[in-house]
2 protein chains.
Amino acid sequence: MSVFEKIFKQKGISLTASRLAVFNVLENASGHMTINGIFTAAKQLDPGLGLSTVYRTVNTLCSLNLLEKHEFPDIEAVYEKTAAAAKDHHHHIIDRDNGKIEEFSSCELDNLLRKIARQNGYDMLGHKIEIYGKKLQNK
Amino acid sequence: MSVFEKIFKQKGISLTASRLAVFNVLENASGHMTINGIFTAAKQLDPGLGLSTVYRTVNTLCSLNLLEKHEFPDIEAVYEKTAAAAKDHHHHIIDRDNGKIEEFSSCELDNLLRKIARQNGYDMLGHKIEIYGKKLQNK
DNA sequence: TTGAGAATGATAATCATTTTCAAATATAAA
DNA sequence: TTTATATTTGAAAATGATTATCATTCTCAA
């Protein structure tokens, strides 16, 4: 059973066909997915699926901290599994030339952020890092 | 003459009363401003001002890299001067309990980000850092 | 099997933002 | 200055993403 299913069952939220279809798409997604991407893919699994249900399911997953919404300027919002649901934890580099999003991880960065939060009197619960850049030529 | 005015003049974009009113509000703002905050304040200076013009002016400032839009989940978007227009450069800590936004600066963090970008084959043009946290008790 | 509550899809409503457009204003040319 | 052209403006309409509504359909425990 998938992580999403496990948590829903645990919380007493029923595992309907619509929700399972959305889960399936999200759990097998390699990276970022837009609402419409999720909708289109999940509709293949559950043809009668409605867009409202996708929004509802996705919002529920977000409030359970299993999914995270990323909003970048001028780019359609994307969703992806949180560290709680996936193993890896990463951040984003957005290419200013073509809008492409790359990922990176850095423990050093995470530790520094935690330290900074503490210095400012906060216990860090989460963070969002976006680097905007331009691809280097000489490589 | 303010930075905004200087750049507009330099780019050949005319300095109309509406634009100067918006500039005035933004240049004298202490921190973050919402679109409606800007609109309300600038209307005092230029009573006939329309909301469309505020959006247009703010968008122009953003594309000139003089202003930056920050979008936080569940919070109205805010605008603030970029490092190019202001002297200081900072990031945000969002209090998960009350939604309050605090600011912090860290050269160490900026340098680390630049290094990470370079390691990933990018020249860093900008970045956005948000830490979500909970205020510590024992202080 | 049945009945109360939860979930659903279609549609309408909402909200921030953008576009349209005719009128007003600024700018340049003569 | 007068005139012609281009830019800017505010109001209103259009848009696009998201949320709310609501009648219908499903779930599942009794």
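Proteins get letters first, then strands, A, B, ... in listed order; numbering begins at 1 in each.
- Taking the side chain of A:Asp46 as heavy atoms from C-beta on, and the options D:dG10, D:dT18, C:dG9, the nearest nucleotide is C:dG9.
- Computed from coordinates, the A:Leu20 CG to D:dC26 P distance equals 16 Å when rounded to whole Å.
- Contact annotation for A:Arg19: backbone-only contact, meaning every heavy-atom pair under 4.0 Å involves sugar-phosphate atoms and none involves a base.
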Checking A:Phe8 against A:Arg19 for the side-chain contact (heavy atoms from CB on, under 4.5 Å) test, could you report, in this order, the C-alpha distance in whole Å, the side-chain angles of both residues, the deciding distance, and whether it holds? CA-CA 10 Å; A:Phe8 264 53; A:Arg19 285 170 181 161; 4.0 Å; yes
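- A:Phe39 has its CZ atom 16 Å from the P atom of D:dT19, to the nearest Å.
- Distances from the side chain of B:Ala77 to the nucleotides D:dG10, C:dT8, C:dT17 place C:dT17 closest.
- Distances from the side chain of A:Arg56 to the nucleotides C:dA10, D:dT18, D:dA11 place C:dA10 closest.
- Looking at B:Glu71 and B:Lys128, no side-chain N of the basic residue comes within less than 4.0 Å of a carboxylate O on the acidic one, giving no salt bridge.
- When the side-chain nitrogen and oxygen atoms of B:Thr53 are compared with OP1 and OP2 of D:dT8, none of them lie within a distance under 4.0 Å.
- Contact between the side-chain N/O atoms of A:Tyr55 and the OP1/OP2 oxygens of D:dT19 is not found at any separation under 4.0 Å.
- For the pair B:Leu51 CG and D:dT8 P, the interatomic distance rounds to 18 Å; values are reported in whole Å.
- Under 3.5 Å, the side chains of B:Glu80 and B:His70 contain a donor-acceptor pair of N or O atoms.
- At the heavy-atom level, A:Ser52 lies under 4.0 Å from base atoms of the strands shown.
- In this structure, B:Ile35 places its CD1 atom 6 Å from P of C:dT17, rounding to the nearest Å.
- Computed from coordinates, the A:Ile38 CD1 to D:dT18 P distance equals 10 Å when rounded to whole Å.
- Under the 4.5 Å side-chain heavy-atom criterion for Ile, Leu, Val, Met, Phe, Trp and Tyr, A:Val3 and A:Phe23 are members of the same hydrophobic cluster.
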Please test A:Tyr79 against A:Val58 for side-chain contact (heavy atoms from CB on, under 4.5 Å), starting from the C-alpha separation and ending with a verdict. CA-CA 8 Å; A:Tyr79 293 86; A:Val58 153; 3.1 Å; yes
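- To the nearest angstrom, C1' of C:dT8 lies 12 Å from NZ of A:Lys43.
- Rounded to whole Å, atom C1' of C:dA6 lies 13 Å from atom CG of A:Leu15.
- If you measure from atom CG of A:Leu61 to atom P of C:dA7, you get 13 Å, rounded to the nearest angstrom.
- Side-chain N/O atoms of B:Asn59 include one lying less than 4.0 angstrom from OP1 or OP2 on C:dT18.
- B:Lys69 comes within 4.0 angstrom of sugar-phosphate atoms only, judged by non-hydrogen atoms across all strands, and of no base.
- For C:dA26, neither phosphate oxygen OP1 nor OP2 lies less than 4.0 angstrom from any side-chain nitrogen or oxygen of B:Ser14.
- Minimum atom distance to the side chain of B:Thr16 is reached by D:dT8, of the listed D:dT8, C:dA7, D:dG10.
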